[in-house]
Undergrad: 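Quick one: the structure is below, and I'll ask about it shortly.
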Amino acid sequence: MKRIRTRFAPSPTGYMHIGNLRTALYAYLFAKSQGGDFILRIEDTDRARYVPDAVEFIERTLAAAKIIPDEGPHHGGNFAPYVQSERMDIYKKYAEQLVESGHAYHEDGAIRQKMPRVGETTFYDVLHGNITIANSELEDQVLLKSDGMPTYNFANVIDDHLMEVSHIIRGTEFITSTPKHVLLYEFFGWELPTFIHLAPVMGKAEDGTVSKLSKRHGATSFNDLIEAGYLPEAITNYVALLGWSPKNSCQEIFSMDELIANFSLDGLSKSPAVFDYAKLDWMSGEYFKAMTDENFAAVADKYLAGYDKIFLASLLKTRVAKLSDIPAMIAFLKELPPFDIELFTNKRNKVTPQKSAEILAPAIKILEQVDLWTLDTLNEKISAFVAESGLKVGAVMWPLRIALSMQKVTPGGVTEILYLLGKETSLDRLNAALEKLQ
RNA sequence: GGCGCCUUCGUCAAGUGGUUAAGACACCGCCCUCUCACGGCGGGUUCAAGGGUUCGAAUCCCUUAGGCGUCACCA
């Protein structure tokens, strides 16, 4: 059987769109699941759009996502060069060959492909089956531009053949130009690769409309997501499920190795998928929860400066969707938000501002007596106070939490916050709140 | 506009002629809890519409509608 070889062929734009990342992922997963090769090829034939250092950017991004090319500009391989601008003589040779055989012609310093005017061209796509397009829909394509560079439609065919790519995995936007490629393969007498055209990744705008995922939908590049504080593994995992699902399994959390082991082409979806940040948040949270306090403290390090990192990590890792959520969650430790009497009202625990004052006063007395400011002692004292007062635990905790943090949601319980704040600050805040409540 | 692709809960999706149409996220409710989170339990007119074929259709065929893509010396 022919060796499975796939490729990811981005143009160097300095931006790794999530849809591109997914294409790369699927090409990688398919190759690896079949024991084949995954190639990185740079399609930099548009000089106007070239961005310096974009190749390194792409390589770094793939590395971060753990998508490792077997061949590429800096990965070695027997089919170098893997950068199209370095292969100009190759394209020229094949273009001239087409001119000689009568399948192309010169015009305005460029070489154009001569399309048949009648008949139709059919090709097989793994996801869509046979697709037929009338040749009359095809126009005489430019193969070699007047600046000597090939067009995508030409270079892509030449390289895929020369690099022995067996499966072309790319976006649906290429479906309608595939007949042109097929014709080229036929002109040269080359064997056709297998086509797999992936549905696009969509984004949902605030007004509810759905369109191809783009910057208007917020953070949509791998790097945007990393900067927001999602783990690369979580992003890759989520993106993998956006258009693919495992057979005979409901598993959703996958390591890269598990993805490779479970991947198969028939699990691919042919309809567009909407990128859902809520689900990404959930999945990301699953990854954080599975981490040890130490590991979480390490990835969240820069957000934890100035605190007992490991302790804070233990409180935060079950509540965080993305690392950039952290500052807002712990800002109250440094500075108490403005007093808001509304917060002292809580129906569930039957707490009101007035009731809060009644609870706070004796609680402060108790805490003032505490010399050993540790979690255990604090917990013990508060529990005793609760038992003595005959109130529900929640009724006591609520006003304390609000007075200490001025927010309904905090990382950790009241005991942890008291501990984190220290005795002096805790009592200052408690007294200040009591004063305002009275 | 021509051509092409797509259409199962709000979202990701399983499903390939006979199922109570899985599961997950989100949402809502309840429970637990030191609030939130975590955890547990439960809930929801989901097969775009209309025609066929068939004893039987989300699954096969046709039509319609909508969405997306493509018609570059961009990829």
Side-chain angles (χ1 to χ4, degrees), chain A residues 9-13 20 43-49 84 107-112 125 127-128 131-134 136-139 141-156 170-179 197 199-200 202 204 208-212 238 241-253 266-267 269-283 285-286 289 315-320 329 343 346 348-349 351 379 382-383 386 392-402 405 407-417:
Chain A
S11 52
T13 60
N20 286 138
E43 311 221 325
D44 60 343
T45 57
D46 184 1
R47 292 189 327 198
R49 291 215 303 189
Q84 291 187 329
E107 183 188 89
D108 296 334
I111 292 180
R112 281 181 185 274
D125 180 287
L127 256 40
H128 303 102
I131 294 176
T132 300
I133 292 177
S136 56
E137 294 294 322
L138 277 23
E139 298 199 7
Q141 285 293 303
V142 167
L143 262 22
L144 215 57
K145 300 184 258 188
S146 53
D147 66 359
M149 284 287 189
T151 56
Y152 167 83
N153 290 124
F154 188 55
N156 140 275
R170 67 201 344 177
T172 43
E173 66 268 29
F174 293 111
I175 284 186
T176 43
S177 51
T178 300
H197 289 96
M202 313 294 279
K204 186 178 258 182
T209 55
V210 168
S211 56
K212 195 168 174 177
Y238 175 69
L241 259 28
L242 213 50
W244 172 81
S245 67
K247 288 291 165 194
N248 311 314
S249 155
C250 287
Q251 186 178 344
E252 292 201 289
I253 303 297
D266 61 354
S269 169
K270 56 184 175 179
S271 52
V274 177
F275 190 96
D276 182 4
Y277 289 93
K279 182 131 190 183
L280 203 215
D281 280 355
W282 166 78
M283 186 168 283
E286 292 298 302
K289 273 180 272 184
L315 301 178
L316 288 168
K317 71 173 189 181
T318 59
R319 300 157 210 262
V320 164
M329 293 175 82
L343 291 174
N346 179 263
R348 187 186 158 130
N349 291 306
V351 176
N379 202 14
I382 293 176
S383 298
V386 169
K392 281 186 67 176
V393 182
V396 173
M397 295 300 180
W398 187 265
L400 284 171
R401 168 188 309 282
I402 299 300
S405 69
Q407 52 191 50
K408 293 185 194 173
V409 183
T410 52
V414 168
T415 312
E416 284 80 8
I417 297 168

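Lettering of chains follows the sequences in order, A, B, ..., and the numbering in each one begins at 1. No experiment lies behind these values; they were computed from the predicted model shown.
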Undergrad: Ignoring hydrogens and geometry beyond distance, is the side chain of A/T151 in donor-acceptor contact with the base of B/C73 at under 3.5 Å?
TA: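 Looking at the base of B/C73, it does not pair with any donor or acceptor on the side chain of A/T151 (distance under 3.5 Å).
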
Undergrad: Kindly write out the residues that satisfy side chain to side chain contact (heavy atoms under 4.5 Å, CB included) with A/N346, not counting sequence neighbours, or none if the list is empty.
TA: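 A/N346 satisfies side chain to side chain contact (heavy atoms under 4.5 Å, CB included) with A/R348, A/N349, A/V351, A/W398 only.
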
Undergrad: Could one point to a donor on the side chain of A/K247 or the base of B/A14 with an acceptor on the other under 3.5 Å away?
TA: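 Result: no qualifying N/O pair found.
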
Undergrad: Looking at every strand, decide which applies to A/E43 at a 4.0 Å heavy-atom threshold: base, sugar-phosphate, or nothing.
TA: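 Result for A/E43 = sugar-phosphate.
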
Undergrad: Let's see if you can work this out: which of B/G23, B/G69, B/A75 has an atom nearest to the side-chain heavy atoms of A/C250?
TA: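 So the side chain of A/C250 is nearest to B/G23.
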
Undergrad: B/C25 base to A/D281 side chain: any donor-acceptor pair below 3.5 Å?
TA: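 No such pair is found, so the answer is no.
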
Undergrad: At under 4.0 Å between heavy atoms, what does A/T45 touch on the DNA or RNA strands: base, sugar-phosphate, or nothing?
TA: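 The answer is sugar-phosphate, as A/T45 gets under 4.0 Å only of primed atoms, P, OP1 or OP2.
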
Undergrad: How would you list, by chain and number, every residue that makes a side-chain hydrogen bond (donor to acceptor under 3.5 Å, both in side chains) with A/K289, sequence neighbours excluded?
TA: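 Per chain and number, A/K289 pairs via side-chain hydrogen bond (donor to acceptor under 3.5 Å, both in side chains) with A/E286.
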
Undergrad: Name the nucleic acid region contacted by A/T132, choosing base, sugar-phosphate or nothing; use a 4.0 angstrom heavy-atom cut-off, strictly under.
TA: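 Here A/T132 touches the backbone only, sparing every base.
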
Undergrad: Between protein and nucleotides 37-44 of chain B, what N or O pairs are separated by less than 3.5 Å?
TA:
residue, atom, partner, partner atom, Å
B/A37, O2', A/T318, O, 2.6

Undergrad: With heavy atoms under 4.0 Å as the rule, sort A/G412 into base, sugar-phosphate or nothing.
TA: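 Answer is base: heavy atoms of A/G412 come under 4.0 Å of a base.
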
Undergrad: Check whether any side-chain heavy atom of A/P200 lies under 4.5 Å from a side-chain heavy atom of A/T172, and answer yes or no.
TA: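 With C-beta onward as the side chain, the pair touches.
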
